[in-house]
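See below for the structure under consideration.
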Amino acid sequence: MPFANEFLTFLAALNTPDRIQTNPLREGLAARPLPEPCTVVIFGASGDLTFRKLIPALYNIAADGELPAGLTVVGFARRPKTDESFREELETAARKFSRQTVQDEVWNSFEQNIFYHQSEFGDADGFRRLAERLDQIDAERPTRGNRLFYLAVAPDQFGLILEQLKAVGLNKAKPGSWARVVVEKPFGVDLPTAEALNAEVSATFEEKDTYRIDHFLGKETAQNIMVLRFANAIFEPLWNHRYIDNVQITASEPLGVEGRGPYYESSGALRDMVQNHLLQLLCLVAMEPPTDLAADSVRDEKVKVIRSLRPLVGEDVATHVVRGQYSAGAINGKNVVGYREEDRVSPTSMTETYVAMKILIDNWRWEGVPFYVRVGKRLPKAGTEIAITFKRAPAVLFNNVIGEPSENVLVIRIQPDEGVSLRMQCKIPGPALRIEPVKMDFHYGTSFGKASPEAYERLLLDAMAGDATLFARRDEVEGAWRFIDPIEEAWHGKGPQPGLAFYPAGSWGPKEADELLAQDGHTWRRL
Ligand code: BG6
């Protein structure tokens, strides 16, 4: 019975000591640290972020069975509430915003881990009571004394909360435990404010315990950029100025400012989206392969890209950057007001709701390759994508053929309809030699048959695991501001200011953005 013998040999091989320790089903996960039990303290527990993102994310982690045992949530906010009323509010929010339907059974057990702590952020006694309450939680629940402080508040509250945490010693972990802080965006409004905030944070928590959120990094498709580039041998040899003609990064939203007028007035699209999310995507496309996947190895490579961005100063701003603002128009057949008519927005506002820019990276790999970046609100369609256009094949063989050969374009769709497509030339079947572009298309939905987790799920798990790879490091954030500040300065400073270009809501942005590309003989890709 040779087969039986082989089978027994196979079983014996499985029983060798090093095999016993490896669970083949966990292959690939072993390299990632596991999320550890802890108490997540959310400052700003009555806020939008908690309701729309954090609690739905924690619920989904629980529903997927990945929540570390003993995980406890303490919501910290000003309004008086009981644990019960807080849980009820969160349940309503989770039912509305969760990506998976909320199951009564899972919710009922999950909510038992949620508590409410009422205090003003400026109230020292409220923080003293918080420290006592966390000690009590650690004594009663298997949290192992680990604490994750999540600052889901307006940035002007960060400093105050950090001070208070320090005053009661909550910034220091007990022996064998950890204390980490998660800081939401916006991380400053320019370089000096980001530096000041970094100084405040580092006076309270060490850099290794500081997790600066850029939720785009938590998106499954953003994480796939590195895999696509470095786990496939076919792309890397072509990934440079010899073969790539231009790169376009687009983030388009039909939404307006959605009641965030005051925040948006002080921010604008450049600070809200380009300084963080879009520059992060650009770094993932442009970076060199890291030496390994350790958080600092990856972040070192991203910082090098940021340092190589050609600065846009003075007159370059007018020639390389277009700022736009939406006027009244229609989205999906519905009339919408212009930005200046939005709630709590100045009727003479110069805030940009659209930015298009041409960025050059001064290094060997990207010499002369334009990276066109555009982002806008009230555009016709929701979509974030990266389009890498390769140089044309020499037209020596097919230049007389019907149908002009077009370029190969690799499109990484970050959202929605997450996936990757490659456009290439094909012969149309038939006796005549006719060429037409066709698309090879991969969709996450159909290939993996399950929805991707929300960015916040991954980021919360990583913060619990102590893996900072998908969080922005201090020098990345400061480097990004160093690049952005001169543009803001040219727009809002004393010198002659480049104009603001208006576009009707529901259009693809101002004509000036088309002209920006037309100068180089390019056009924006249609989403
Ligand atoms: C946020 C911006 O960081 O990102 C918003 O403040 C923007 O203005 C949002 O709408 C876009 O994120 P997502 O994940 O919905 O594409």
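The figures here come from the full heavy-atom set of this structure, side chains too, leaving out hydrogens, waters and symmetry mates.
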(message) Between Thr143 and Thr39, is there a side-chain heavy-atom distance shorter than 4.5 Å?
(response) yes

(request) Applying ring pair (Phe, Tyr, Trp, His ring centres under 6.0 Å) between Phe76 and each of Tyr116, Phe86, Phe127, report the one that passes. (result) Phe127

(request) Evaluate the criterion salt bridge (Lys or Arg N to Asp or Glu O under 4.0 Å) for residue pair Asp64 and Arg99; output intermediate values, then yes/no. (result) CA-CA 12 Å; Asp64 290 347; Arg99 75 177 163 87; 3.1 Å; yes

(message) Check whether Arg271 reaches the backbone of Val189 with its side chain - one donor and one acceptor, N or O, closer than 3.5 Å.
(response) yes

(message) Does this structure show an ion pair linking Lys174 with Asp135, if we count only N-O contacts that are shorter than 4.0 Å?
(response) yes

(request) Kindly compute the distance separating CD (Gln275) from OG (Ser267), expressed to the nearest 0.5 Å. (result) 9.5 Å

(request) Mind telling me whether Phe442 and Tyr444 have parallel, tilted or perpendicular rings, with 30° and 60° as the class edges? (result) tilted

(request) Locate the shortest heavy-atom distance separating His117 from Gly126; write the atom from each residue and the value. (result) NE2-O, 3.0 Å

(message) Taking CD in Glu140 as the centre, count heavy atoms belonging to other residues, nucleotides or ligands within less than 6.0 Å. Is the count above 12?
(response) yes

(message) Between Tyr456 and Ile213, is there a side-chain heavy-atom distance shorter than 4.5 Å?
(response) yes

(request) Check the pair Ile388, Phe235 against side-chain contact (heavy atoms from CB on, under 4.5 Å), reporting the backbone distance first and the verdict last. (result) CA-CA 11 Å; Ile388 292 138; Phe235 294 120; over 6 Å; no

(message) Working to the nearest 0.5 angstrom, can you tell me the gap between Phe371 CZ and Ile244 CD1?
(response) 7.0 Å

(message) Among residues at least two apart in sequence or on other chains, which ones pass salt bridge (Lys or Arg N to Asp or Glu O under 4.0 Å) with Glu163?
(response) none

(message) Distance to the ring centre below 6.0 angstrom and angle to the axis at most 45 degrees; does that hold for Arg87 and Phe115?
(response) yes

(message) Do Glu418 and Glu220 make a side-chain contact, defined as non-hydrogen atoms from C-beta onward lying under 4.5 Å apart?
(response) no

(message) Which label fits His277 and His215: parallel for a plane angle under 30°, tilted from 30 to 60°, or perpendicular past 60°?
(response) perpendicular

(request) Decide yes or no for Asp417 and His443: does some side-chain heavy atom of the first lie under 4.5 Å from some side-chain heavy atom of the second? (result) yes

(message) Can you tell whether the side chains of Glu132 and Arg128 come within less than 4.0 Å, N to carboxylate O?
(response) yes

(message) Quick check: do Glu265 and Val257 have side-chain heavy atoms less than 4.5 Å from each other?
(response) no

All N/O donor-acceptor pairs, side-chain side in residues 279-289, below 3.5 Å, sequence neighbours left out:
unit_1: Gln280; atom_1: OE1; unit_2: Lys302; atom_2: NZ; d: 2.8
unit_1: Gln280; atom_1: NE2; unit_2: Glu476; atom_2: OE1; d: 2.9
unit_1: Glu288; atom_1: OE1; unit_2: Arg365; atom_2: NH2; d: 2.9
unit_1: Glu288; atom_1: OE2; unit_2: Arg365; atom_2: NE; d: 2.7

(request) Answer with yes or no whether the side chains of Arg141 and Thr72 bring together a donor and an acceptor at under 3.5 Å. (result) yes

(message) Donor-acceptor pair, distance only, cut-off 3.5 Å: does the side chain of Lys208 make one with the backbone of Ala468?
(response) no

(message) If I take atom CG from residue Leu71 and atom CG from residue Leu460, how far apart are they, to the nearest 0.5 angstrom?
(response) 9.0 Å

(request) Identify the two heavy atoms, one from Asn232 and one from Val227, that lie closest to each other, and give their separation to 0.1 Å. (result) ND2-O, 3.7 Å

(message) Quick one: does any side-chain atom of Ser202 pair with a main-chain N or O of Ala199 as donor and acceptor, under 3.5 Å?
(response) yes

(request) Answer yes or no: is there a donor N or O on one side and an acceptor on the other, between the side chain of Asp292 and the main chain of Ala294, under 3.5 Å? (result) yes

(message) I'd like to know if the side chain of Asn60 and the backbone of Ala57 have a donor-acceptor N/O pair within less than 3.5 Å.
(response) no

(message) We want to know whether Asn276 and Arg212 form a side-chain donor-acceptor pair, criterion being a heavy-atom distance below 3.5 angstrom.
(response) no

(message) Could you measure the distance from the CZ atom of Arg374 to the CD1 atom of Ile249? Nearest 0.5 Å is fine.
(response) 11.5 Å

(message) If I take atom CD1 from residue Ile386 and atom CZ from residue Arg525, how far apart are they, to the nearest 0.5 angstrom?
(response) 12.0 Å

(request) Determine whether Leu134 and Leu170 make a side-chain contact, defined as any pair of heavy atoms from C-beta on separated by less than 4.5 Å. (result) yes

(request) Please work out whether the ring planes of Phe121 and Phe43 are parallel, tilted or perpendicular, with thresholds of 30° and 60°. (result) perpendicular

(message) Over 60° means perpendicular and under 30° means parallel, so tell me whether Tyr59 and Trp107 are parallel, tilted or perpendicular.
(response) tilted

(message) Main chain of Ser177, side chain of Arg147: is a donor-acceptor contact present, judged purely on distance under 3.5 Å?
(response) no

(request) Provide the closest heavy-atom pair for Ala269 versus Val375 in the form atom of the first, atom of the second, distance. (result) CB-CG1, 4.3 Å

(message) Looking at every heavy atom in both Pro186 and Pro155, which two are closest together, and how far apart are they?
(response) CG-CG, 3.6 Å

(message) If I compare all heavy atoms of Ala179 with all of Asn171, which pair ends up nearest, and what's the gap?
(response) CB-O, 3.8 Å

(request) Please answer whether the main-chain N or O of Leu527 pairs with a side-chain N or O of Glu385 as donor and acceptor at a distance below 3.5 Å. (result) no

(message) Does atom CG (Leu293) have a neighbourhood of more than 12 heavy atoms from anything else shown, all under 6.0 Å?
(response) no

(message) According to side-chain contact (heavy atoms from CB on, under 4.5 Å), who are the partners of Ser85, at least two apart in sequence or on a separate chain?
(response) Lys81, Thr82

(request) Apply side chain to side chain donor-acceptor pair (under 3.5 Å) to Ser297 and Asp300, showing your working. (result) CA-CA 5 Å; Ser297 311; Asp300 285 347; 5.6 Å; no

(message) Using a strict threshold of under 4.0 Å (side-chain N to carboxylate O), is an ion pair present between Lys377 and Glu253?
(response) yes

(message) I'd like to know if the side chain of Arg310 reaches the main chain of Ile359, judged simply by a donor and an acceptor atom lying under 3.5 Å from each other, with no hydrogens or angles considered.
(response) no

(request) Of all the heavy-atom pairs spanning Thr221 and Ile414, show the shortest one and how long it is. (result) OG1-O, 2.7 Å

(message) If the condition is salt bridge (Lys or Arg N to Asp or Glu O under 4.0 Å), which residues does Asp475 pass it with, not counting sequence neighbours?
(response) Arg473

(request) State, yes or no, whether a side-chain contact exists between Leu191 and Glu195 at a heavy-atom distance under 4.5 Å. (result) yes

(request) Among residues two or more places apart or on two chains, list those pairs meeting ring-ring contact (aromatic ring centres under 6.0 Å, His included) that have a residue in residues 156-205. (result) none

(request) Give a yes or no on whether a salt bridge exists between Asp462 and Arg180, defined as a side-chain N under 4.0 angstrom from a carboxylate O. (result) no

(message) Distance alone, cut at 3.5 Å: any donor-acceptor contact between the side chains of Tyr150 and Glu184?
(response) yes

(message) Can you confirm whether Leu130 sits close enough to Val74 that some side-chain heavy atom of one is under 4.5 Å from a side-chain heavy atom of the other?
(response) yes

(request) Only counting residues at least two apart or in another chain, list the ones meeting salt bridge (Lys or Arg N to Asp or Glu O under 4.0 Å) with Glu36. (result) none

(request) Before accepting this row, confirm whether a basic side-chain N of the pair Asp125/Arg129 lies closer than 4.0 Å to the acidic partner's carboxylate O. (result) yes

(message) With rounding to the nearest 0.5 angstrom, report the CD to OG distance, Gln164 to Ser119.
(response) 7.5 Å

(message) Quick one, Leu162 with Val201, criterion side-chain contact (heavy atoms from CB on, under 4.5 Å). Give me CA distance, side-chain angles, the key distance, then yes/no.
(response) CA-CA 7 Å; Leu162 290 167; Val201 177; 3.7 Å; yes

